[in-house]
2 protein chains.
Amino acid sequence: MIYFDNAATTPIDPAVLIKLKEIESEFYANPSSIHSAGQKSRFIIEKSRDIIAESIGCFSKEIIFSSGGTESNNLAIIGTALANRDKGNHIITTGVEHISVINTIKYLSSIGFNVSYIDVDKNGKIDLDTFQKLMSKETILVSVMMVNNEIGNIFPIQEIGEILKNTEVIFHTDAIQSYGKIDFTVNDLNIDLLSMSAHKIYGPKGVGALFIRSGTKINNLFFGGSQERTLRAGTENLTGIAGFGKAIEQTVVTKNERERIKILRDTFEEKLLSLIPEIIVHCRHSPRIFNLSNIYFPDISIDSLILNLDLEGIACSSGSACSSGSINPSHVLSAMHLPKEHTENSIRFSFGRFNTNDEVDRAVKIISEIHNRLKKE
Amino acid sequence: MIYFDNAATTPIDPAVLIKLKEIESEFYANPSSIHSAGQKSRFIIEKSRDIIAESIGCFSKEIIFSSGGTESNNLAIIGTALANRDKGNHIITTGVEHISVINTIKYLSSIGFNVSYIDVDKNGKIDLDTFQKLMSKETILVSVMMVNNEIGNIFPIQEIGEILKNTEVIFHTDAIQSYGKIDFTVNDLNIDLLSMSAHKIYGPKGVGALFIRSGTKINNLFFGGSQERTLRAGTENLTGIAGFGKAIEQTVVTKNERERIKILRDTFEEKLLSLIPEIIVHCRHSPRIFNLSNIYFPDISIDSLILNLDLEGIACSSGSACSSGSINPSHVLSAMHLPKEHTENSIRFSFGRFNTNDEVDRAVKIISEIHNRLKKE
């Protein structure tokens, strides 16, 4: 299989796999238990917390573990909106967020919050002047993703953080597609809440984290034990959390892979463009993360292309996996004012640690052959 | 180490461990991805769902996977209370529920729900007549646990189900300490919602499930993708779910261990009572699950006893792990009207698949020695 769907999820890194096996085989006590076995489990969790905190330049106590990116986004957005409702009723976001942000904010809208959407143009660009005009005394929360999960374009988080710096507005960023791939600190970017996930960076599924800046008022979504400073009740996913920490340690070891993956992606696009000149690579000349390519294929059935690629052993997707169940056109491309043909006829190819030059060459050849065949049909 | 804290969490069964390693190494695609790799992951999840559904006699579509018992309890209680508020405003529960039920219902009470508590006596007995008197036209939800997590006493779920059978009241039971240990079907017991967890039955941490009877109106806690019939957004914990299914398969293989563990527990109590006659085993003559023993030790410091046991390599706890952080007396024993000395001076010993006769003999000897030493101090 040629796996070009790394934005949906990644294979587990071998070093993480060793860590998972070690924890599963040797440690099991409940981290909340006061006996020494429990304390050993507690130590494993706190070590992971330290690794993650260090990776974004925050204090360990500002990291809360969750069951994944969706829960982190929900906790960040619902938790702060409800806890700060006395200060205002207005939320600003974009129309291109991940569905776990979009639908969470839709829920808040349904219970009376006012929501403004910052416009994103077809190059993935946000107009910061317009953004500033949307701000009001009622604004309590701004949620803008760091990197779009379908297109890969990078949003101006630093500039937004700068605008919000001397206000009381809480700034959340969904960093699920960028964390472990782009280096930043939450202080440099003036971020108050940052969502992370392990399974996008060669770690296990079922574990995520949320950075919550000290002093940020936030409600919990769950009620129960006092785990995670009472913000996230429930016995901790010991193995998952240990694997998450290891996955982050590996992103340091593998830092030089970023350039390699970028070259893979760029080569893929160049070769494909030379063989099928009519395709359009979305946001090709905008700031983009190194591992993602979203391409519009005119005049063919995209479903047939994906199906035929799958038969040839190439895994890619027509949008985010979380939205895959639905046959709706991409809400991201729609929000970027792209024509209907683009929103319905684009494919996301996402590259990763275990992809090779040879895979790119083979994939380009297969895609172009299938494309030519479909075009004749 | 002699691990007598199996009610807090269990070691992973070797067969489950093999399953976890297999999934982690060989499968990783996002179960929501439509390519064949994604469909293989989907198949693994649906197989686990089938195993769990079969184990409680429900349809597969009535099982929702969650991140654990706490989330299952929260989803069940908050989800149905909010979705059915138009029908009434009254919830009935007990004061001895797990903290993830207690605190969730306290939250509902804080937003205007009326809550009645069924009285539980010192033998762990519920008065069903009083329960029936608490019922009103406003009652929408009854939540009573199947087995208490601190004492191990079994509640009359079948009788409560019978009472609720021809009403519209939703019946939730927290089965986290009984699922995989007691055989039942949700239809025999007339249950509408049933919470389950993997890590109490030799499965992985970070995964649970909720049975939701078809037709039960329920809101989701998370917003995002359409996973789990939109009731639980977020990329599924593929490995955890596979391990949960395997853990349940193992409870069938190991069904004869129940009698063995009961004998271990009973022997432990008998031998300890013969050496320290003043101790009291809570609910000893009430219906009790086979693996739990909660014992009152008069006249000594329980903290010193637990600490000294830990130094000798015996892991046990003074209550549930989820409540361990706090030094408060047990809310369970308090609710059962036991005197303050009992609520502050009791220890839970919980036995499991990997405990042996020899461990029981050694533990009894060590406990009695430490007890005698502490009594002289």
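Keep in mind that this is a model prediction, so the values were computed, not measured. Every chain is numbered from 1 and lettered A, B, ... according to where its sequence line falls, protein lines coming before strand lines.
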Contact leader toward chain B among A/Lys106, A/Met1, A/His199, where contacts are heavy-atom pairs under 4.5 Å: A/His199

Options A/Thr9, A/Val101, A/Ile105, ranked by heavy-atom pairs under 4.5 Å with chain B, top entry: A/Thr9

Axial cation check for B/Tyr202 ring with B/Arg353, 6.0 Å and 45° limits: yes

A/Arg85 charged N/C atom sitting above A/Phe113 aromatic ring, 6.0 Å / 45°: yes

Region of B/Leu311 that comes under 4.5 Å of a non-hydrogen atom in chain A: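 Contact with chain A involves no heavy atom of B/Leu311 at all.
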
Region of B/Arg232 in contact with chain A, defined by heavy-atom distances below 4.5 Å: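 Only the side chain of B/Arg232 comes within 4.5 Å of chain A.
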
Contact origin within A/Leu75 toward chain B - heavy atom pairs under 4.5 Å: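 Answer is neither: A/Leu75 stays 4.5 Å or more from chain B.
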
Counting heavy-atom pairs under 4.5 Å with chain A, which one of [options] comes out on top?
options: B/Pro11, B/Pro31, B/Ser25; result: B/Pro11
options: B/Thr104, B/Leu307, B/Asn6, B/Asp310; result: B/Asp310
options: B/Leu20, B/Ile102, B/Ile314; result: B/Leu20
options: B/Asn237, B/Asn103, B/Asn74; result: B/Asn74

B/Phe43 CZ: over 12 foreign heavy atoms closer than 6.0 Å: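 No, the 6.0 Å shell around CZ holds no more than 12 heavy atoms from other groups.
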
Pair A/Lys246-A/Asp13, salt bridge (charged side-chain N to carboxylate O under 4.0 Å, His left out): steps then yes or no: CA-CA 9 Å; A/Lys246 190 68 193 174; A/Asp13 184 278; over 6 Å; no

Side-chain touch A/Glu312/A/Ile367, heavy atoms, less than 4.5 angstrom: no

Sidechain N-carboxylate O distance under 4.0 Å for A/Lys61, A/Glu228: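 Between A/Glu228 and A/Lys61 there is no salt bridge, as every charged N stays at least 4.0 Å from the carboxylate O atoms.
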
Stepwise salt bridge (charged side-chain N to carboxylate O under 4.0 Å, His left out) test for A/Lys19 and A/Glu22: CA-CA 5 Å; A/Lys19 173 61 78 176; A/Glu22 177 204 332; 3.8 Å; yes

